[in-house]
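In what follows, a structure is listed as structure tokens, so that the remarks can point back to it.
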Amino acid sequence: MPSLTLAHQHLPEVTVIVVTGEMDATNRAQLEGYLREVRRSPAETLVFDLARVPFMDSSGLHVLLVCATECLRRGGAVHLAGVQPLPSRLFEITGVVAHLPMHDTVEQAVAAAAPSSQPSH
């Protein structure tokens, strides 16, 4: 069973989750467990660094969508960074691109995701 390499960095307003490897049904539970361990709160804003994810199937997509739904429901958000061509195509054909902001770099995603960078109403 191929495993993912997972790392995270807690920044003041955002947590960056770095994923390396293929995200699929064989390691879905590993990713879900990791997210439960490292998230500071359900309302947290997360940036997923997917620059080292060459492939993702519907299982990986499902984990990201469940996480994003939970974050949004509680006032947080999920942003994606460095999405590679195959996962990007999956996001396009499923319509996920309309719901999860994608950025070229982690730095761009963190800047866009940080709550203090959002305009106040």
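What you see is a predicted model, and the numbers here were worked out from it, not measured in a lab.
- Using a cut-off of 4.0 Å between Lys/Arg side-chain N and Asp/Glu carboxylate O, Glu32 and Arg28 are scored as salt-bridged.
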For residues 67-78, please give each side-chain donor-acceptor pair under 3.5 Å, one per line with the distance, not counting sequence neighbours.
from	atom 1	to	atom 2	distance (Å)
Thr69	OG1	Leu65	O	2.8
Glu70	OE2	Arg39	NH1	2.9
Glu70	OE2	Arg39	NH2	3.4

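- Across Asn27, Leu64, Leu4, Thr5, a single residue satisfies side chain to side chain contact (heavy atoms under 4.5 Å, CB included) together with Val19, and that is Leu4.
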request  = Applying side-chain hydrogen bond (donor to acceptor under 3.5 Å, both in side chains), run through Thr15 and His10 and close with a yes or a no.
outcome  = CA-CA 4 Å; Thr15 293; His10 290 299; 2.8 Å; yes

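- In this structure, Pro85 and Arg89 have side chains that are not in contact, with every pair of non-hydrogen atoms separated by 4.5 Å or more.
- Between Leu86 atom CG and Glu22 atom CD the span is 9.0 Å, to the nearest 0.5 Å.
- Grouping the Ile, Leu, Val, Met, Phe, Trp and Tyr side chains by contacts below 4.5 angstrom, directly or via other members, places Val18 with Leu11.
- Distance check: Glu107 CD to Asp104 CG gives 11.0 Å after rounding to the nearest 0.5 Å.
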Distance-only check: which donor-acceptor pairs under 3.5 Å involve side-chain atoms of residues 46-61, not counting sequence neighbours?
from	atom 1	to	atom 2	distance (Å)
Asp49	OD1	Ala51	N	3.1
Asp57	OD1	Ser59	N	2.8
Asp57	OD1	Gly60	N	3.4
Asp57	OD2	Ala25	N	3.3

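- Considering CD of Glu44 and CD1 of Ile17, their distance stands at 7.5 Å, rounded to 0.5 Å.
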Show your reasoning for whether side chain to side chain contact (heavy atoms under 4.5 Å, CB included) applies to Gln30 and Leu6. CA-CA 9 Å; Gln30 178 190 0; Leu6 301 163; 4.1 Å; yes

- Task: In sequence, state the C-alpha distance, the side-chain angles, and the governing distance for Leu31 and Met23, and then conclude on side chain to side chain contact (heavy atoms under 4.5 Å, CB included).
- Result: CA-CA 8 Å; Leu31 180 57; Met23 292 172 62; 3.4 Å; yes

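- Looking at Tyr34, its side chain never comes within 3.5 Å of a backbone N or O of Ala29 through a donor-acceptor pair.
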